[in-house]
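Worksheet: the structure to be examined is printed underneath.
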Protein chains: 2
Amino acid sequence: MSTQPAKRDARSKLLDAALSVIRTKGYSATTVDELCAAAGVTKGAFFHHFRSKEELGVAAAEYWSETTGALFAQAPYHDCADPLDRVLGYVSFRKDLLEGGVADFTCLVGTMVQETYQSTPAIRDACERSISGHAETLESDIEAAMRVRNMCPDWTPASLALHTQAVLQGAFILAKAKGGPAIAADSIDHLTRYLQLLFSPATTDPQS
Amino acid sequence: MSTQPAKRDARSKLLDAALSVIRTKGYSATTVDELCAAAGVTKGAFFHHFRSKEELGVAAAEYWSETTGALFAQAPYHDCADPLDRVLGYVSFRKDLLEGGVADFTCLVGTMVQETYQSTPAIRDACERSISGHAETLESDIEAAMRVRNMCPDWTPASLALHTQAVLQGAFILAKAKGGPAIAADSIDHLTRYLQLLFSPATTDPQS
DNA sequence: GACGACATACCGACTGGTTGGTATGTATCG
DNA sequence: CGATACATACCAACCAGTCGGTATGTCGTC
């Protein structure tokens with residue numbers, strides 16, 4: 001469904017505007033009028049394509065999943081032979097994305113879910129699907145890396161995949177607080193170090 | 001300054017209400033009327049104590065720093081002899097706090113900074129002070145743990161202290177997305193595992 | 001200890017601008 | 001012609017902030 005031949009119609013202009021405006025100001029503080037102005041369309045066009053602001057929020061989260069999904073699917077780290085190198089390559093790729101203003105590299109759904117998790121279940125669920133779906137793309141590589149090393153740890157591939165997302169989301173919060181990507185990069189370095197230690201042959205099963 | 005004899009006046013009722021309402025709905029979606037209703041005071045009282053909603057946001061962040069600061073200052077993990085045990089005890093203490101509804105254990109300033117980092121510098125700075133100030137309480141223990149082990153790694157105590165905050169903030173986002181603290185606990189377990197590996201005598205200097 | 005002057009704390013009706021949403025018109029395309 | 005894709009005008013509710021008022025100190029003076 002969707003993915004019509006990419007015409008520059010009002011709907012996709014609104015979704016593109018939503019990504020940048022909501023990442024800058026948050027969902028609640030973003031007004032429909034502002035979105036229309038940023039997209040260069042009228043309010044009539046907005047409510048033609050979306051029944052409500054909430055529906056746009058859900059659509060924006062799905063659009064985010066599509067565009068970022070495509071970005072990561074074609075990233076070079078998938079070519080590594082060792083599955084651990086693919087995981088480390090993913091993290092390194094995330095670090096490379098830390099460029100430009102804070103609003104340019106932070107995560108739409110991480111921002112939105114904070115504001116909507118209680119008030120707007122539809123948006124929260126869309127954000128949850130986006131985060132979990134993205135984390136799942138890491139699971140098979142994590143699992144393969146474990147199999148290669150005959151590891152049977154007390155953590156699951158899913159929990160480690162989600163942990164990488166937690167570190168990234170937390171790094172974005174710190175970047176927003178400090179006004180730049182420097183600390184986010186430091187935190188991603190700590191994540192890389194954790195993965196290296198976790199999969200290092202010396203310490204396959206440190207306890208139990 | 002401040003710390004008048006803790007009278008149950010309108011100001012502190014409003015600050016208490018702000019902590020719970022803003023953590024539930026976010027800063028932008030929280031209205032002044034709603035805050036007044038939750039605190040059981042009138043709008044006149046609100047604007048008597050705060051010149052604007054923004055000023056309340058700053059005061060709420062500072063109030064958050066004070067109350068959480070007191071909570072952590074009297075926590076039992078400070079009694080451990082080994083500085084690493086104090087750091088691990090802190091993380092374990094954070095895990096123990098994951099109880100009740102999501103709005104009860106998540107972080108006010110982590111939530112607020114996402115919405116205000118661009119639009120409201122005063123609130124962003126107050127959140128930054130809160131996060132960084134809290135992280136600093138970990139630095140001396142991290143530094144001591146490094147000294148005990150004669151470690152000279154390529155990361156700083158400050159960056160590790162902030163990394164713990166990134167993991168916690170990210171864990172809160174995941175908890176909000178998934179509707180419960182389970183994944184947050186998993187992520188905190190990964191953080192504990194990282195600290196143990198990082199300070200384990202076998203791997204003091206894995207590279208360079 | 002009565003009294004005036006002033007400050008603090010709070011009340012609640014009101015306001016002007018904003019916001020999400022609607023109603024209706026129109027142009028283009030198949 | 002009918003459906004899709006917009007545009008324009010409009011509205012009722014809401015929101016942050018204001019303003020005149022009251023109740024309660026509290027400090028100095030005589």
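Just so it is clear: chains get the letters A, B, ... in the order the sequence lines come, proteins before strands, and each one is counted from 1. Quick note: numbers below take in every heavy atom, side chains included, and nothing from hydrogens, waters or symmetry partners.
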**Prompt:** Rounded to whole angstrom units, what separation is found between the NE2 atom of A:H49 and the P atom of D:dA7?
**Reply:** 9 Å
**Request:** Figure out the NE2/P separation between A:H48 and C:dG25, and round it to whole Å.
**Result:** 18 Å
**Approximate separation, where rounding is to 0.5 Å, of B:R23 CZ and B:D104 CG** = 6.5 Å
**Message:** Rounded to whole Å, how long is the line connecting atom CZ of B:R11 with atom C1' of C:dT8?
**Reply:** 14 Å
**Complete:** To the nearest angstrom, the CD-P distance between A:E55 and C:dG20 comes to 15 Å
**Request:** Would you mind reading off the distance between B:L14 atom CG and C:dA9 atom C1', rounded to a whole angstrom?
**Result:** 12 Å
**Asked** So, for A:H134 and A:Y90, is the gap between ring centers shorter than 6.0 Å?
**Response** yes
**Message:** Using the rule given for side chain to side chain donor-acceptor pair (under 3.5 Å), can you reason through A:Q114 versus B:T111, listing the C-alpha separation, both sets of side-chain angles and the distance that settles it, and then say yes or no?
**Reply:** CA-CA 6 Å; A:Q114 291 239 43; B:T111 302; 3.2 Å; yes
**Item:** Distance, rounded to the nearest Å, where A:L35 contributes CG and C:dT18 contributes P
**Value:** 18 Å
Write down the protein N/O and nucleotide N/O pairs, taken from nucleotides 11-17 of chain D, whose separation is under 3.5 Å; answer none if there are no such pairs.
residue : atom : partner : partner atom : Å
D:dA16  : OP2  : B:V32   : N            : 2.9
D:dA16  : N7   : B:K43   : NZ           : 2.8
D:dA16  : N6   : B:K43   : NZ           : 3.4
D:dG17  : OP2  : B:K53   : N            : 2.9
D:dG17  : N7   : B:K43   : NZ           : 3.4
D:dG17  : O6   : B:K43   : NZ           : 2.9

**Message:** Please report whether the ring centroid of B:H78 lies less than 6.0 Å from that of B:F93.
**Reply:** no
**Asked** Any cation-pi pair here, A:K53 with A:Y27, using under 6.0 Å and within 45°?
**Response** yes
**Asked** Given the rule in the salt bridge (charged side-chain N to carboxylate O under 4.0 Å, His left out) test, do B:K95 and B:D189 qualify, once you have shown the distances and angles that lead to the verdict?
**Response** CA-CA 8 Å; B:K95 189 183 172 188; B:D189 285 340; 2.9 Å; yes
